[in-house]
Structures are given as C-alpha cells and as structure tokens.
Amino acid sequence: MAALMPQGKQQYFTAGGIPLVGGKVYTYAAGTTTPLATYTTAAASTPNTNPVILDSRGEASIFFSAANYKIVVKDSLDSTIWTQDNLVGDVLGSLAVSTGSSLVGHVASGTGAVATTVQTKLRENVSLADFGADTTGATDCSAAFALAIAAIGTNGEIKLNGLDYKLTAPVTIPKGITISGGGAYINCVGLTACLYVSGTGIENLTIRDCNFYGDGTTGNTPSGGAIQSPSGCETTGWSILNCSFDNLSFGVAINSNLSGFHKRPKVIGCRFTRMVGTTTGVGIGLNIAGGFNTVMAAEVIGNSFDTIGRHSCYVSSGIGVLIEGNTFRSQSSATAAISACAVARASSVLVTGNSFIFNNCAVSVEPAESSVVAQGFPDSYNISVLNNIFVDNTSYDVYVGTSDTAAGTRGLYNVTVSGNTIEKAGAYNISNILVLGCNRLTIKNNVISNIRLTGNHTLAAIYLEALAVSGQSTSDYVISDNVIRENLAGGAITDTRGITITALAAALRVSMLRNDIVAITLVNGWYGLGELCHASQGITGAVGKYVAGTTTPNVYGLSYLRIANTGATTITQLANGVDGQVLTLQFADVNTTITRNNSYLVGGANYTSGINTTLTLVSYNGNWYELARSAPT
C-alpha cells in the first residue's frame with residue numbers, strides 16, 4: 001500500500017496568493033497565548049525562533065512537538081493574516097508519550113458498550129513494575145505497592161505478573177481491589193503482616209494466585225504473617241483464592257477482635273503449611289472472627305492445611321459458615337480444644353467432606369465462653385459435622401462443648417455428628433467423639449474402627465458428659481446407627497468402651513438405637529455401651545459397668561451387668577428398672593448378696609453369688625422377678 005508524500009516545507013501566502021516573503025509564524029500552546037516551540041528538524045534538537053521568519057519564497061521548516069498548537073500567521077508588518085487553534089502536533093510522537101493512550105478510543109464489543117479511551121481501559125489495572133518495584137525480590141517494594149494502591153481507584157486490579165517481591169513494611173489496603181499474583185512470591189519475613197486490610201466499607205476485595213512466605217524463625221512472636229485485618233474492620237465480599245502461605249506465624253487473620261464485621265468472606269483453594277508458634281495469635285493458618293454474629297456466609301472450601309502449630313482453621317462469631325472439602329494434616333497443639341478445625345460462638349455451621357489426618361484434635365465445636373459473654377454473644381445453634389474422614393488423629397476426632405462451667409457460658413443447640421468415618425487412631429486417642437454438654441444432639445451413622453491405644457488412658461469411642469453449667473440444660477441425645485468395632489486396648493489403659501454417658505441430674509431423654517458395637521478388647525471387663533448415670537429414658541440393650549461396693553446400682557436400660565466385689569456387699573435395690581426390662585447379672589466373686597427387698601427370687605431366699613454365676617431377672621411394676629440362674633463353673 002502506498003502513501004502520499006508529505007509536504008517537506010511549509011509555504012504561506014498573502015491574501016492575494018503571493019508568497020508571504022518575510023512573513024511571521026507565531027506558535028502557541030493550543031487555546032492559549034503561551035509561546036510553544038517548534039523545531040527545525042524531526043530530531044527536535046534545534047528550536048525555531050518564535051515567530052518563525054519565512055524566507056524569500058514564503059517557506060520555513062517547521063516541525064511540531066507532540067503537543068497541540070495554536071498558529072497565528074502575520075505579514076512582515078505584523079498584520080494578522082489568519083489564526084488556527086487546536087492543531088494536532090506530532091501524531092506519532094503524541095502517541096509515544098505517557099499520555100498518548102488517552103488519544104486512542106476504545107469500545108468493547110456488544111450492545112450497549114460505552115466508549116472510552118485506551119488509557120482509561122488500561123488503567124483498570126496496574127502492575128507494581130509500573131511504579132518502580134524491584135521484581136527480583138532483592139530490595140523492598142513497599143513504597144511501590146502503596147503507590148499502586150493509591151493510583152488504582154476503588155475497583156481496579158494490581159498485577160504482580162508471577163515475579164518476586166520483598167516487603168519490609170506492611171502495605172495497607174483501604175479499599176476493595178483485586179491483587180492478582182499470577183504465581184508471584186512475596187517475602188513476609190519479620191512483618192506483623194504483609195498486607196494489612198483496614199477501614200470500613202471495603203467491598204469485593206480479592207487476593208489471588210500469590211505465594212506468601214516467611215523464614216520460620218518467628219516462633220511465638222506475632223510476626224512473619226501474611227494477611228491481617230484489625231479491630232473494627234468492615235468488609236463485604238472478601239475473597240482469597242489459590243494462594244499459598246508457608247513458614248509464617250500465621251497465614252490469614254480476618255480477625256476484628258470482637259468488633260467490626262465480615263460478610264461473605266471466601267477462602268478457596270489455598271495452601272497453608274508450617275505455621276509457627278504455640279501461643280495466642282500465632283501458629284494459625286486461617287482465622288476468621290469478629291464481634292457476635294458478625295461473620296456472615298463464610299466459605300472455607302478446598303484448602304489444605306499441613307504442619308500447623310495451633311489452629312489450622314478457626315472460625316468464630318459466624319452465622320452461615322461452610323467448611324467443605326479441605327484437608328487438615330499434622331496440626332500439633334497438645335491442648336484438646338485447640339484443633340485443626342475450630343468453630344466457636346457460631347451458628348448454622350456445616351463441616352462436611354473434609355479429611356483430617358495426623359492431627360491432635362481434629363474438629364472442635366464450642367459455645368461462647370464466660371469471658372466474652374459481656375460482649376453479647378448468644379447461644380450457638382445448628383452445627384453439623386457430616387461425612388468427614390478422620391485418620392490417625394491422636395486426641396479427639398470431634399470435640400463438642402466446653403469445659404468452661406462458669407456462670408454465663410452459652411449453650412450449644414442442635415448439633416449433628418453424622419456419616420463420618422473414623423479409623424486407625426493414634427497412640428494417645430482418648431475419645432473419638434467427645435461431648436461436654438449440648439442440647440438436642442444427634443450422633444448417627446458414624447463408623448469408628450481400628451482404634452488402638454498404648455497410652456495410660458480410658459477410651460470411649462463416643463463419650464457424652466453433661467457438665468453443670470450455670471443457666472444451661474443438657475438433654476435430648478440421640479445416638480443411633482453407629483458402628484464401633486475393632487477397638488483394641490494396650491499398655492496401662494484402665495477402660496475401653498464403645499459408648500459412655502456420664503450425665504448429671506440435668507441430663508434427660510437419651511435414646512440409643514441400633515448401634516453396632518463389636519470386637520472391643522479391654523482390661524477391666526467389657527462395656528459395650530458404658531456407664532449410665534441419671535439418664536431417664538430411651539436407652540435399651542445396654543451393657544453397664546458396676547462400681548464395686550455399690551448397694552443400689554442404677555440399671556436403667558441395661559441388659560447385662562457384671563459384678564465383682566472384693567468384700568461382702570449386699571445389693572438391696574436394682575434402681576430405675578422399667579417394665580419388661582430383662583437384666584442378666586454375672587458375678588466374678590463370692591461376696592455379693594442380692595436381697596428380696598424388691599426381688600422375687602426362686603426359693604424365697606436371698607441370692608448369694610459364686611464365681612461365674614448368673615442371675616437373670618425381669619422388671620415389672622417396680623419389682624424384679626427371677627427368670628433363671630446358673631451354678632458356679
């Protein structure tokens with residue numbers, strides 16, 4: 001394609017068409033009377049005089065700069081011949097300068113697209129390199145980061161382009177923007193936090209595809225963290241996507257210290273490894289918390305947590321929390337309630353489809369403790385732990401409730417633990433599912449198997465206890481359709497049980513239905529269900545534990561009770577029998593006497609035990625009637 005040759009020199013004429021010999025060309029900045037230079041060559045190295053004096057043919061070599069001009073042409077006597085404003089200067093040069101993209105239009109495809117300029121479109125995102133950041137990670141780029149945030153506007157994007165960056169001071173993010181790492185690495189060594197989210201009205205903040213790392217030497221000092229928000233911070237739509245956090249004191253702390261709020265926070269597809277520290281504020285992978293009921297619709301999905309000093313994931317003060325499809329591995333705190341996945345002071349929580357491997361305590365669900373009740377925290381409702389896999393966790397797999405019995409401690413209501421698989425627990429497993437006080441608890445369809453213990457502990461695969469907490473009640477337990485098998489004891493273990501209920505007088509309405517408890521090996525006798533205290537209804541088919549020396553044992557719901565007294569003991573009452581209940585007593589002593597106080601015995605005499613003798617009774621109308629007995633073997 002050919003192009004028309006431009007005129008090499010400019011020539012000017014009088015009104016009569018005669019060359020303007022000695023004429024004058026004045027040049028100004030467009031729209032002003034401010035002189036603006038022109039040049040003798042395209043190199044723009046030598047400026048013309050202003051005005052430019054025309055030669056004997058009315059010609060001159062006049063090269064514009066990239067600016068826009070106003071031209072005034074006069075004759076040699078300074079009489080104006082014509083004036084022209086807003087003349088475009090060097091077009092290519094104009095495009096080449098920093099503002100050149102503002103001269104090029106842009107319209108997106110599609111109906112209704114709004115016209116803009118290329119400059120406006122490109123400024124929807126910036127890179128740190130635009131502001132002079134060192135992208136090799138050798139020197140600090142905190143200042144460049146701050147400049148980029150200041151320039152981006154309220155909904156822009158900062159691109160890190162997969163490069164390396166070092167921060168020596170926290171960078172404050174005061175508004176909702178997107179930080180796209182593209183696989184970038186960010187050095188957080190020695191910082192309280194690399195990115196510090198602060199302020200109110202922060203909407204649609206997204207941090208994605210970034211790798212944050214420390215040096216693992218911060219220990220219990222709260223430094224070497226990645227992302228943090230302070231007290232009073234208010235965010236809506238905070239998303240952290242596909243990021244990694246390694247060798248830090250904490251990864252993400254969306255934590256407003258009992259004030260502020262966070263709506264719809266999402267942490268998806270991230271990796272948290274080697275979180276260092278064992279004291280408050282450190283050793284945490286992900287912490288999402290706020291004032292009471294101020295974490296709303298939180299989602300923690302598809303993340304992995306590995307080698308965490310305290311909580312891998314801690315969610316507090318929430319309504320509508322989903323923790324799904326995550327992998328929790330090697331959380332190492334020795335404190336029971338400091339768990340891989342901790343849910344506290346929260347309602348409407350679903351923990352589902354996760355894997356818990358080699359943790360100390362895997363999942364804990366706790367109400368608001370007495371120390372924060374003054375902040376207005378209510379009771380916690382509707383918490384479900386469903387369809388998770390637990391392997392080789394060493395203390396508890398699921399911990400529900402709190403050991404805080406002080407006045408004001410809030411309650412837990414409507415807790416469901418269902419469909420979980422628990423197997424191959426480690427050497428110090430105490431209970432697979434431990435419940436310390438709850439209202440309306442359902443534990444069903446769980447499979448607990450291959451539990452092997454070597455420490456000095458008492459094992460109960462499911463252990464239920466109602467603590468005496470001021471202002472609370474504990475009731476309505478349904479334990480059904482669970483399978484508990486192949487639980488093997490060893491070492492100095494004193495007890496091994498399938499299900500244990502240690503309930504105070506406040507415990508009411510406990511139902512056991514269709515549980516399959518087999519192949520449990522133990523030291524001091526066999527307890528399929530475990531010890532029952534003050535339970536009032538709905539327990540059937542249970543195997544109970546007799547405490548030596550007891551004269552009125554509670555046999556509510558039991559079908560079997562093994563008795564071994566070391567000294568002479570007279571049992572005067574088999575308490576809390578129900579009509580139709582059949583109870584077999586097996587004796588491992590010659591020291592026990594069953595009286596006829598409310599027992600109708602064959603032969604009309606008291607019953608005296610013998611080694612391995614049995615006595616089978618049926619309850620009716622408050623009395624026990626003998627069905628059968630066996631002789632000593």
Side-chain angles (χ1 to χ4, degrees), residues 188-189 191-194 210-228 240 242-255 265 267-289 298-316 321 323-344 346 349 351 353-366 385 388-399 425-426 428-429:
C188 303
V189 173
L191 295 180
T192 302
C194 273
C210 296
N211 301 293
F212 298 88
Y213 67 94
D215 61 3
T217 63
T218 55
N220 289 324
T221 301
S223 62
I227 303 172
Q228 185 180 36
I240 300 176
N242 303 315
C243 293
S244 73
F245 305 88
D246 180 55
N247 227 11
L248 299 159
S249 59
F250 66 85
V252 178
I254 307 174
N255 184 346
V267 180
I268 299 175
C270 295
R271 291 176 290 113
F272 299 82
T273 55
R274 298 188 294 176
M275 297 296 129
V276 180
T278 58
T279 60
T280 301
V282 298
I284 298 176
L286 171 62
N287 184 353
I288 304 177
E299 297 181 21
V300 181
I301 301 174
N303 305 284
S304 65
F305 301 85
D306 196 342
T307 315
I308 309 297
R310 296 183 75 244
H311 295 296
S312 298
C313 172
Y314 180 87
V315 179
S316 173
V321 178
I323 302 174
E324 180 179 16
N326 304 282
T327 299
F328 298 85
R329 184 183 179 93
S330 299
Q331 174 269 343
S332 59
S333 174
T335 303
I338 296 180
S339 59
C341 178
V343 177
V349 178
V351 180
N354 304 284
S355 297
F356 298 88
I357 306 168
F358 297 126
N359 302 285
N360 178 51
C361 179
V363 177
S364 63
V365 177
E366 298 182 87
V385 181
N388 302 283
I389 296 174
F390 300 86
V391 178
D392 284 334
N393 300 297
T394 58
S395 181
Y396 303 100
D397 292 293
V398 181
Y399 179 106
Y428 298 102
N429 195 288

Criterion side-chain contact (heavy atoms from CB on, under 4.5 Å) on Phe356 and Gln331, from CA distance to verdict: CA-CA 9 Å; Phe356 298 88; Gln331 174 269 343; over 6 Å; no
Non-neighbouring partners of Ser244 that pass side-chain hydrogen bond (donor to acceptor under 3.5 Å, both in side chains), sequence neighbours left out: Asn211
Contact check, side chains of Val343 and Val321, non-hydrogen atoms, under 4.5 Å: no
Val267 side chain reached by Glu299 side chain, heavy atoms, under 4.5 Å: no
Beyond-backbone contact of Cys313 with Val315, side-chain heavy atoms, under 4.5 angstrom: yes
Sequence-distant partners of Asp246, salt bridge (Lys or Arg N to Asp or Glu O under 4.0 Å), two or more places apart: Arg274
Residue list, side-chain hydrogen bond (donor to acceptor under 3.5 Å, both in side chains) with Asn326, at least two apart or on another chain: Asn303, Asn354
Qualifying residues under salt bridge (Lys or Arg N to Asp or Glu O under 4.0 Å), relative to Arg271, sequence neighbours excluded: none
Distance in Å, Ser355 OG paired with Asn388 CG, rounded so as to fall on 0.5 Å steps: 8.0 Å
Any Phe245 side-chain heavy atom under 4.5 Å of Val252 side chain: yes
CD1 on Ile308 to CD1 on Ile284, rounded to 0.5 Å: 10.0 Å
Residues forming a ring-ring contact (aromatic ring centres under 6.0 Å, His included) with Phe305, sequence neighbours excluded: Phe272, Phe328
Spacing of Ile323 atom CD1 and Leu286 atom CG [to the nearest 0.5 Å]: 8.5 Å
Inter-residue atom distance Asn287.CG - Phe250.CZ, 0.5 Å rounding: 9.0 Å
4.5 Å side-chain heavy-atom contact, Ile288 and Val300: yes
Plane angle bin for Tyr314 and His311 - parallel if under 30°, tilted between 30 and 60°, otherwise perpendicular: tilted
Minimum-distance pair of heavy atoms, taken over all atoms of Cys188 and Gly225: CB-O, 3.5 Å
Minimum heavy-atom distance between Ala340 and Ser312, given as atom pair plus value: O-CB, 3.0 Å
Test side-chain contact (heavy atoms from CB on, under 4.5 Å) applied to Thr273 and Thr307, step by step: CA-CA 6 Å; Thr273 55; Thr307 315; 5.9 Å; no
Residues in disulfide (SG to SG under 2.5 Å) contact with Cys243, at least two apart in sequence or another chain: none
Nearest heavy atoms of Val385 and Phe390, plus distance in Å: CG1-CZ, 4.5 Å
Interatomic spacing from CD1 in Ile254 to OG in Ser316 - rounded to 0.5 Å: 13.0 Å
Interatomic distance, Ser330 atom OG to Asn393 atom CG [nearest 0.5 angstrom]: 9.5 Å
Atom of Thr192, atom of Gln228 and distance for their closest heavy-atom approach: CG2-OE1, 3.7 Å
